Amino acid sequence: MRGKQIGMWKFIHKLGSPKWCYQLCGRLQPAFWIAAAVLLAVGAVWSLAFSPPDYQMGDSYRIIYVHVPAAILAQSVFLAMTFASVVFLVWKIKLADMAASVMAPFGAAMTLLGLFSGAVWGIPTWGTWWTWDARLTSMLIQLFIYIGIIALRGAFARPEQGAKAVAVLTLVGVVNIPIIKYSVSWWNTLHQPATFTLTERPAMPESMWMPLLLMVLGFYCFFTALTLYRLRSEILKRESRTRWVREAVK
Amino acid sequence: MPLPESTSTAAPSPAPRGLAATCVRQVKRELAIARRRGSEWINPLLFQALVIVLFPLGISPEPALLATLAPGLLWVTALLAVLLSLDALFRSDFDDGSLEQMLLSPQPLPALCLAKTFAHWLLTGVPLSLIAPLLGLLLSLPAAGVATLMAALLLGSATFSLIGAVGAALTVSLPRGGVLLSLLILPFYIPVLIFGAGAVNAAIVGDPVAAPMALLGAMLALAIAGAPFAIAGALRISVDG
């Protein structure tokens, strides 16, 4: 037990070292790229070609296979950024800030994708691109918070100061996550409630939710692989003065 | 050797003051500065009044139409007026070094930030709520909504001041932080705007206003509990780097 604990601390301590993290990311990356490619390929073919059409919405419901994963990722990425910001503010581990900085644009892109796919889906089902529904509004706020975080980082001449300011803003911004999550339960809205919950079976047949689950997992693997890839570039950029980076890029 | 005392704070004090006394002094200091530089708190009020005048001229002077728009317009313009006043919240203190003195003070920084934000609310939120009935007249706001509008603005503008102070503290060290400040802060103002305007609309049609007012109060309570720590953290980042 004791040895295990010491081992864990050693692992965390090592994780704080940019060089070691760079190598670890490099080793983990291929597995996540492969998993993402397999899951997304199988999920896309299954969901677009083999899962049955909806009895009400017909084939237009298939937008769900992009819409739900994007919306889930938009929130998960923010939670991951919040976690990284806490680690950065409390333990001053610079790698945590690098991770938060490379995750933000992906989170913003996923929020935009969720809003866009929802707007496209809105035409056949609700008859409108946009409605001032609680879920839609809170997602739009989320997009502005992401943009604010990215803009704030860019505004500081000294990156270390910008990093801390962004971490504080991320911690403030996390209040929006529960609002998005519960917006469909607190208000009577046009938007349907959550598709997946941990405790209950989805309200659709297995042939519909299985490919959706694959797509969600595929999006997560893609996010992880991309984050590892971009984190490596970020480490090289910020540690460009150290000897090991010069030797690595020679 | 006596240390040089900052100009705007009080006379040299041999004995350390208590937290409550320091907070009272902080508020009094802000009020004294506002009394000497009146434009800083009067300009946002004038701004709101002018923007309100633009709507009847730009949309239509039709009283029925204006009455339906009035709650939202009054809230949006009050929100923008608060936003306009925020850039100056820490700016002059940052420039003349009083902010560093505040950070060096033995009193807990979040409490001092709360006192400073309270003074900001006294100088923006309270006057904005007081002139709201007058501006409501210009927009033919139904009389049933006036009391709720003032009460909701009092609650909501306090939340505006607290959230806005976080953004002002984050951007105070940036030379042109004004536009960025609005980008950072406006998303967080939306829930307050929704329930604030919702309360006034409910009062006008005769619905109970307890639920939206309670939510405004809940948001204020959350902001009082959390924002002072975020303001303090952001000020330390802006000043120390």
Side-chain angles (χ1 to χ4, degrees), chain A residues 74 78 82 85-86 88-90 92 97 104 107-108 111 115 132-180 182-183 186-189, chain B residues 72 90 94 109-110 113 159 162-195 197-198 211-212 214-215 218-223 225-241:
Chain A
F78 203 91
T82 310
S85 298
V86 171
F88 175 62
L89 282 180
V90 175
K92 316 260 186 279
D97 172 59
T111 315
L115 285 168
W132 289 102
D133 168 282
R135 172 59 69 84
L136 276 66
T137 311
S138 53
M139 275 307 264
L140 189 63
I141 296 176
Q142 185 69 31
L143 179 63
F144 286 128
I145 293 176
Y146 269 121
I147 295 172
I149 284 174
I150 296 169
L152 185 67
R153 186 182 291 277
F156 283 89
R158 285 169 47 211
E160 318 87 70
Q161 201 178 8
K164 287 182 199 161
V166 164
V168 170
L169 184 65
T170 310
L171 292 192
V172 175
V174 81
V175 295
N176 193 42
I177 294 293
I179 298 181
I180 297 181
Y182 294 106
S183 59
W186 288 342
W187 289 282
N188 276 322
T189 67
Chain B
F90 296 114
F94 180 77
L109 187 56
C113 294
T159 318
L162 282 160
I163 300 172
V166 180
L170 281 174
T171 54
V172 69
S173 65
L174 302 172
R176 282 175 300 279
V179 182
L180 183 64
L181 173 64
S182 16
L183 178 62
L184 300 185
I185 289 309
L186 280 179
F188 297 100
Y189 278 5
I190 294 173
V192 181
L193 173 74
I194 291 172
F195 292 108
L215 277 163
M219 287 189 272
L220 177 58
L222 183 68
F229 297 95
I231 301 168
L235 282 179
R236 287 201 192 284
I237 292 164
S238 287
V239 174
D240 305 335

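Values below: all heavy atoms of this structure, side chains included; hydrogens, waters and symmetry mates excluded. Order of the sequence lines fixes the chain letters, A, B, ..., with proteins taken first and strands second; residue numbering starts at 1 for each chain. What you see is a predicted model, and the numbers here were worked out from it, not measured in a lab.
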Between A/Asn176 (side chain) and A/Ser138 (backbone), is there a donor-acceptor pair under 3.5 Å?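 Such a contact is found between A/Asn176 side chain and A/Ser138 backbone.
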I'd like to know which of B/Leu174, B/Val166, B/Thr171 tops the heavy-atom pair count under 4.5 Å against chain A.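 Among the listed options, the one with the most contacts to chain A is B/Leu174.
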Look at B/Leu180, B/Ile163, B/Leu183, B/Ile185 and state which one has the largest set of heavy-atom pairs under 4.5 Å with chain A.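 That would be B/Leu180.
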With the side chain counted from C-beta on, respond yes when [X] and [Y] share a heavy-atom pair under 4.5 Å apart, and no when they do not.
X        : Y        : value
B/Leu162 : B/Leu220 : yes
A/Leu89  : A/Leu171 : yes
B/Asp240 : A/Gln161 : no

Sorted by first residue and then second, give each ring pair (Phe, Tyr, Trp, His ring centres under 6.0 Å) pair with at least one member in residues 132-164 of chain A; sequence neighbours left out.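 Applying ring pair (Phe, Tyr, Trp, His ring centres under 6.0 Å) to every pair that reaches into residues 132-164 of chain A, excluding sequence neighbours, yields A/Phe78-A/Tyr146, A/Trp130-A/Trp132.
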Which of A/Gly162, A/Ala165, A/Ala157 touches chain B most, by non-hydrogen pairs under 4.5 Å: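 The residue among A/Gly162, A/Ala165, A/Ala157 with the greatest pair count is A/Ala165.
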Do you know which of A/Leu152, A/Leu169, A/Leu140, A/Val168 has the most heavy-atom pairs with chain B at a distance under 4.5 angstrom?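 With the most close heavy-atom pairs to chain B, the winner is A/Leu152.
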Under 4.5 Å from a heavy atom of chain B, the part of A/Val166 involved: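 Contact with chain B: none, neither part.
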